[in-house]
Amino acid sequence: MGLLDILLGRTKPVAPDLDQLFALPSAAVTLQAAAGFTPTGSGAVCFATVEGAAFEQMHREVQALLDADTDRTGPPVELRRDGYGYSWLVSRRSPDQLPDLVNDLHAVNTSLEVNGFGPQLLCSLAGFRDDGGRRLALVYLYKRGSFYPFAPLPGAAERRDTALELQLRAVLGDDLRIEPDLGRWFPVWGAPGL
């Protein structure tokens with residue numbers, strides 16, 4: 001970054017660091033102790049919809065890679081599209097297998113990145129619930145290299161529990177690189193895996 005960039009207020013974009021995903025299991029321990037949220041075993045990777053043979057080939061490779069896991073029962077990765085036109089690769093594990101789920105999310109992200117689809121990657125998330133049935137996602141922003149909590153309120157209306165999200169920001173600050181710009185805490189309404 002040069003002097004002109006500093007004077008004009010331009011900043012260098014943060015490089016994605018997929019290894020940040022491996023901090024999720026320790027953050028889950030903190031999350032359970034401080035707020036009573038436990039993993040659901042579901043997670044997903046979101047990207048701008050991609051068409052074509054190259055993407056289909058990459059999807060088959062990811063499927064084969066995750067099929068090789070003998071501990072897994074059922075389909076390893078499900079490809080879904082949401083109502084906003086984004087694609088999601090969804091992985092489901094048992095709730096006590098969060099490290100394995102994180103490995104799945106990392107493998108999917110890495111495969112997309114290595115095969116040239118990195119610019120289409122948007123975010124990854126891992127789902128959590130508490131005993132009261134509240135849902136929570138810890139969302140990793142690929143292009144920012146940071147996390148934020150997303151807590152939708154129950155019901156059909158698209159509303160979020162902002163107070164809970166801010167509380168969890170403070171709770172998880174030592175475990176995860178939390179996104180400092182609240183304007184980038186995008187809602188992921190209807191996200192598969194949440």
Side-chain angles (χ1 to χ4, degrees), residues 11 13-14 16-18 20-49 77-95 97-98 101-102 104-106 108-109 112 120-194:
T11 59
V14 176
D17 180 7
L18 291 176
Q20 292 292 319
L21 291 169
F22 294 118
L24 279 172
S26 66
V29 172
T30 302
L31 193 58
Q32 184 173 6
F37 282 90
T38 57
T40 62
S42 295
V45 175
C46 180
F47 53 94
T49 300
V77 174
E78 174 188 3
L79 179 62
R80 295 189 41 197
R81 291 215 166 89
D82 66 17
Y84 299 98
Y86 294 106
S87 296
W88 296 81
L89 284 171
V90 182
S91 178
R92 300 194 193 287
R93 296 280 190 159
S94 69
Q97 292 182 311
L98 183 60
L101 177 67
V102 169
D104 292 349
L105 298 176
H106 190 275
V108 170
N109 275 291
L112 283 163
Q120 282 80 23
L121 278 167
L122 301 173
C123 68
S124 297
L125 64 84
F128 295 82
R129 273 190 206 277
D130 71 359
D131 290 338
R134 293 185 300 176
R135 295 178 301 146
L136 170 74
L138 291 180
V139 181
Y140 175 74
L141 291 171
Y142 178 79
K143 290 178 174 66
R144 302 282 295 173
S146 58
F147 288 88
Y148 68 91
F150 172 66
L153 288 169
E158 291 182 344
R159 298 178 323 166
R160 61 198 293 182
D161 189 343
T162 308
L164 176 62
E165 292 174 0
L166 294 174
Q167 173 192 354
L168 296 177
R169 172 180 67 173
V171 166
L172 295 170
D174 290 337
D175 293 300
L176 299 174
R177 184 185 301 160
I178 300 294
E179 173 57 45
D181 183 356
L182 298 180
R184 296 192 183 267
W185 289 25
F186 305 110
V188 286
W189 304 119
L194 174 58

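Predicted, not measured: the structure shown is a model, and the values here were computed from it. One-based numbering along the sequence shown.
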task = Please collect all salt bridge (Lys or Arg N to Asp or Glu O under 4.0 Å) contacts where either partner lies in residues 40-49, sequence neighbours excluded, each pair once.
result = none

task = Taking salt bridge (Lys or Arg N to Asp or Glu O under 4.0 Å) as the test, write out the residues that go with Asp130, two or more places apart.
result = Arg134

task = State, to 0.1 Å, how close Leu105 and Gly43 come at their nearest heavy-atom pair, and which atoms those are.
result = CD2-C, 3.8 Å

inquiry  = My understanding is that only residues two or more places apart in sequence, or in another chain, count here; which of them pass side chain to side chain contact (heavy atoms under 4.5 Å, CB included) with Pro149?
reply    = Leu136, Leu138, Glu165, Leu168, Trp185

message = With salt bridge (Lys or Arg N to Asp or Glu O under 4.0 Å) as the rule and sequence neighbours excluded, what pairs involving residues 30-46 come up?
response = none

task = Kindly write out the residues that satisfy side chain to side chain contact (heavy atoms under 4.5 Å, CB included) with Ser146, not counting sequence neighbours, or none if the list is empty.
result = Leu141, Arg144, Arg177, Glu179

key: Closest contact, heavy atoms only, Leu122 versus Ala48   = CD1-N, 3.9 Å

key: Partner residues of Gln20 under the side-chain hydrogen bond (donor to acceptor under 3.5 Å, both in side chains) criterion, sequence neighbours left out   = Asp17

ask   = Among pairs that include at least one residue of residues 184-194, which meet salt bridge (Lys or Arg N to Asp or Glu O under 4.0 Å), considering only residues two or more places apart or in two chains?
value = Asp181-Arg184

ask   = Of all heavy-atom pairs between Arg169 and Leu182, which one has the smallest distance, and what is that distance?
value = NH1-CD2, 3.6 Å

remark   = Which of Asp175, Asp174, Leu176 passes side-chain contact (heavy atoms from CB on, under 4.5 Å) with Thr30? It is Asp175

task = Using side-chain hydrogen bond (donor to acceptor under 3.5 Å, both in side chains) as the criterion, list what pairs up with Thr162, not counting sequence neighbours.
result = none

inquiry  = Please determine whether side chain to side chain contact (heavy atoms under 4.5 Å, CB included) holds for the pair Ser124 and Asn109, giving the CA-CA distance in whole Å, both sets of side-chain angles, and the decisive distance to 0.1 Å.
reply    = CA-CA 8 Å; Ser124 297; Asn109 275 291; 2.8 Å; yes

ask   = Does Ser87 have any side chain to side chain contact (heavy atoms under 4.5 Å, CB included) partners at least two apart in sequence or in another chain, and if so, which?
value = Phe47, Thr49, Leu79, Arg81

ask   = Is the side chain of Tyr148 donor-acceptor paired with the backbone N or O of Phe186 at a distance under 3.5 Å, no angle test?
value = yes

inquiry  = Nearest 0.5 Å, please: how far is CG in Leu98 from OG in Ser42?
reply    = 11.0 Å

request  = Mark yes or no for whether Lys143, through its side chain, and Leu121, through its backbone, hold a donor-acceptor pair below 3.5 Å.
outcome  = yes

request  = Report the distance from atom CZ of Phe147 to atom SG of Cys123, rounding to the nearest 0.5 Å.
outcome  = 11.0 Å

query = Within the side chain of Thr40, is there an N or O that forms a donor-acceptor pair under 3.5 Å with the backbone of Gly127?
reply = yes

ask   = How many angstroms lie between atom CG of Leu172 and atom CD of Gln167, to the nearest 0.5 angstrom?
value = 10.0 Å

task = For Asp161, check side-chain hydrogen bond (donor to acceptor under 3.5 Å, both in side chains) against everything at least two apart and list the hits.
result = none

request  = Under the side chain to side chain contact (heavy atoms under 4.5 Å, CB included) rule, collect the residues that match up with Pro187, sequence neighbours excluded.
outcome  = Phe150, Arg160, Trp189

inquiry  = Could you work out, with salt bridge (Lys or Arg N to Asp or Glu O under 4.0 Å) as the rule, every residue matching Arg159, not counting sequence neighbours?
reply    = none

